[in-house]
Student: 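Okay, here's the structure, questions in a sec.
Hydrogens, waters and symmetry mates play no part in the numbers below; they use all other heavy atoms, side chains included.
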Protein chains: 2
Amino acid sequence: MRLVIAKCQVDYSGRLSAHLPMATRLILVKADGSVSVHADDRAYKPLNWMSPPCTLLIEPGTGAEAGGDVWRVVNKAGEELRITLAEVHTDVSHELGPDPGLVKDGVEAHLQELLALHVQTLGEGWTLVRREFPTAIGPVDLMCRDAAGASVAVEIKRRGEIDGVEQLTRYLELLNRDPLLGPVSGVFAAQEIKPQARTLAADRGIRCVQLDYDDLRGIEDPRLKLF
Amino acid sequence: MRLVIAKCQVDYSGRLSAHLPMATRLILVKADGSVSVHADDRAYKPLNWMSPPCTLLIEPGTGAEAGGDVWRVVNKAGEELRITLAEVHTDVSHELGPDPGLVKDGVEAHLQELLALHVQTLGEGWTLVRREFPTAIGPVDLMCRDAAGASVAVEIKRRGEIDGVEQLTRYLELLNRDPLLGPVSGVFAAQEIKPQARTLAADRGIRCVQLDYDDLRGIEDPRLKLF
DNA sequence: TGATATATCTCGAGT
DNA sequence: ACTCGAGGTATATCA
């Protein structure tokens with residue numbers, strides 16, 4: 001990893017064109033060859049960048065002025081990030097080695113696990129038929145039966161948006177062509193459901209259920225509640 | 001901007017939980033108080049971060065060992081990024097000042113502007129009714145009339161994918177419920193149209209038009225072409 | 001402030 | 001190589 005703080009001008013041409021006028025910024029060159037340019041705000045997003053795989057070519061500046069070099073970062077798609085250096089304030093390098101990587105908890109897969117364990121939160125007397133119930137166009141998150149024994153397809157999202165409703169609609173359309181399954185209704189379950197998604201679901205006769213991750217995780221054996 | 005290269009362990013708890021085992025990484029502290037942790041790969045995305053507005057509290061390590069400090073970065077929502085330092089290899093600071101900011105060209109908004117100015121590229125004798133034509137589920141990018149006076153809804157994307165076709169389909173379904181507008185047909189216009197999107201559009205009777213940004217920008221007053 | 005749409009989205013998994 | 005889905009998406013715009 002090489003860290004350069006320098007006055008620079010940056011031009012990107014590729015999927016779009018973007019231009020950064022001359023100013024002092026941080027330039028990050030990583031071991032995989034990628035380059036990013038950061039201002040002194042926003043944690044997440046660089047002002048400009050080139051993702052790996054890409055190649056950095058340094059063209060020495062003409063004459064004696066400090067900086068002056070032009071860095072050209074190019075990738076296979078023909079995109080180019082061109083950095084023109086004017087004054088270099090800092091230039092340090094350090095070998096970091098590979099990173100052991102990130103461990104996450106609380107993503108959609110966990111919601112599915114938890115809800116599979118507690119389908120009764122969707123309705124009294126409901127039972128789980130199976131997780132990842134296969135269809136021709138992909139697996140339904142949960143297939144359940146309600147207290148009356150009717151089939152219910154459940155689509156789970158962390159954030160429920162319109163796309164998720166469309167997805168469940170496609171499943172339901174397909175599943176309802178199978179007379180053996182009988183009529184299949186739908187439940188759209190998410191930690192957060194956008195108004196648009198709610199509206200579309202209502203229009204399609206799909207029930208929306210808001211999930212609480214901590215509640216689901218905290219559900220105790222109901223027998224314990226007798227005491 | 002403060003740049004620290006250090007062996008560190010990182011834990012995030014907030015919208016989910018995430019953990020990074022002890023390893024050498026770059027820690028970026030920006031002037032707005034935001035903090036990000038980078039490995040030696042991937043230009044764009046930090047391993048972990050806290051977006052502004054947030055507060056950095058440094059708790060001195062116990063005893064004499066180098067590093068040892070614990071950094072706690074918290075925001076108003078109660079999310080916390082906790083960085084435990086073990087060995088500090090580099091620690092430099094530099095004042096960057098505000099950035100003049102990025103100038104972009106070629107995004108969807110520009111395509112919409114240009115196409116609104118040149119609806120005749122969609123068909124001889126076409127006219128623009130209005131941009132951002134409102135419907136109950138959101139605005140249609142362009143509403144036009146063809147040479148025969150029939151309504152046409154135009155959805156514009158930089159990259160045309162299946163979602164865009166679904167979106168236009170929803171608009172068309174809604175618009176065609178309004179007998180005053182008469183039958184409304186659809187045009188899906190994009191710089192690049194994925195085969196899947198093209199197929200779905202054909203299935204729905206939606207015409208696909210591939211846009212060329214440079215062509216659109218370069219269209220001159222037709223009268224000039226007489227000379 | 002909340003909702004909505006865009007993004008050089010990025011990134012990973014699966015085909 | 002391409003597609004699809006998820007993301008602590010982030011970010012800007014608009015009500």
Student: Phosphate oxygens OP1/OP2 of dA5(C): is one of them under 4.0 Å from a side-chain N or O of Gln167(B)?
Tutor: no
Student: When the ring planes of His89(A) and His94(B) are compared, do they come out parallel, tilted or perpendicular, using 30° and 60° as the limits?
Tutor: tilted
Student: Using a cut-off of less than 4.0 Å, is there contact between a side-chain N or O of Arg15(B) and OP1 or OP2 of dA10(D)?
Tutor: yes
Student: Between dT8(C), dT6(C), dG8(D), which nucleotide gets closest to the side-chain atoms of Tyr12(B)?
Tutor: dG8(D)
Student: Are His110(B) and Leu16(A) packed together at the side-chain level, in the sense that at least one heavy-atom pair is separated by less than 4.5 angstrom?
Tutor: no
Student: For the pair made of CG in Asp105(B) and P in dT6(C), what is the distance, rounded to whole Å?
Tutor: 18 Å
Student: dG7(D) and dA7(C): how far apart are their C1' atoms, nearest whole angstrom?
Tutor: 13 Å
Student: Check Arg42(B) against Ser34(A) and note the closest heavy-atom contact, atom names and distance.
Tutor: C-OG, 3.9 Å
Student: If you check every side-chain atom of Trp49(B), which of dT4(C), dT8(C), dG8(D) has the closest atom?
Tutor: dG8(D)
Student: When you compare the ring of Tyr44(A) with the six-membered ring of dA10(D)'s base, are the centres less than 5.5 Å apart and the planes under 30° from each other?
Tutor: no
Student: Between dG8(D), dT4(C), dC11(C), which one does the side chain of Lys194(A) approach most closely?
Tutor: dT4(C)
Student: Would you mind reporting whether Val92(B) and Leu3(A) have side-chain heavy atoms less than 4.5 Å apart?
Tutor: no
Student: Can you measure from CD (Glu132(A)) to CD (Gln112(A)) and round to the nearest 0.5 angstrom?
Tutor: 4.5 Å
Student: Show me the dot-bracket string of DNA chain C, counting Watson-Crick or G-U pairs under 3.5 Å, with | for pairs to another strand and [ ] for crossing ones.
Tutor: |||||||.|||||||
Student: Just to be sure I understand the rule, does Met50(B) reach a base, reach only the sugar-phosphate, or reach nothing, if contact means heavy atoms closer than 4.0 Å?
Tutor: base
Student: Run the side-chain hydrogen bond (donor to acceptor under 3.5 Å, both in side chains) test against Ser51(A) and tell me which residues pass, sequence neighbours left out.
Tutor: none
Student: Between dC2(D) atom C1' and Ile162(B) atom CD1, what is the distance in whole Å?
Tutor: 14 Å
Student: Let me know the distance between CG of Asp32(A) and C1' of dT10(C), rounded to the nearest Å.
Tutor: 13 Å
Student: Do any side-chain nitrogens or oxygens of Lys104(A) fall under 4.0 Å of OP1 or OP2 in dG8(D)?
Tutor: yes
Student: What is the distance from CG of Leu47(B) to P of dG12(C), rounded to the nearest Å?
Tutor: 10 Å
Student: So, do Ile156(A) and Leu211(A) sit near enough that their side-chain heavy atoms are less than 4.5 Å apart?
Tutor: yes
Student: For Asp141(B) and for Ser51(A), locate the closest nucleotide of DNA chain C by heavy-atom distance; then report the residue assigned to the nucleotide nearer the 5' terminus.
Tutor: Asp141(B)
Student: Just the rounded figure in Å: distance from C1' of dT8(C) to NE2 of His110(B).
Tutor: 14 Å
Student: When you match Ala43(A) and Glu155(A) each to their closest nucleotide on DNA chain D, which lands nearer the 5' end?
Tutor: Glu155(A)
Student: Would you mind telling me which of Arg82(A), Glu80(A), Glu79(A) makes a side chain to side chain donor-acceptor pair (under 3.5 Å) with Tyr12(A)?
Tutor: Glu79(A)
Student: Indicate whether OP1 or OP2 belonging to dT8(C) is found under 4.0 Å from a side-chain N or O atom of Lys45(A).
Tutor: yes
Student: In whole Å, what is the span from the CG atom of Leu102(A) to the P atom of dT10(C)?
Tutor: 19 Å
Student: Remember a base hit wins even if backbone is also touched, and classify Glu161(B) as base, sugar-phosphate or nothing at under 4.0 Å, heavy atoms.
Tutor: nothing
Student: Determine whether His19(A) and Gln9(A) satisfy the following criterion, side chain to side chain contact (heavy atoms under 4.5 Å, CB included), listing intermediate values before the conclusion.
Tutor: CA-CA 8 Å; His19(A) 170 75; Gln9(A) 170 188 322; 3.8 Å; yes
Student: Taking for each residue the nucleotide of DNA chain C with the nearest heavy atom, is it Gly138(B) or Leu16(A) whose nucleotide lies nearer the 5' end?
Tutor: Gly138(B)
Student: Any base atoms under 4.0 Å from Pro52(B), or only sugar-phosphate, or nothing? Heavy atoms, all strands.
Tutor: nothing
Student: Heavy atoms only, 4.0 Å cut-off, all strands: where does Arg159(B) land among base, sugar-phosphate and nothing?
Tutor: sugar-phosphate
Student: For Leu168(A) and dG5(D), what is the distance between atoms CG and P respectively, to the nearest whole Å?
Tutor: 13 Å
Student: Quick one: Leu200(A) CG to dT4(C) C1', roughly how many Å, whole number?
Tutor: 15 Å
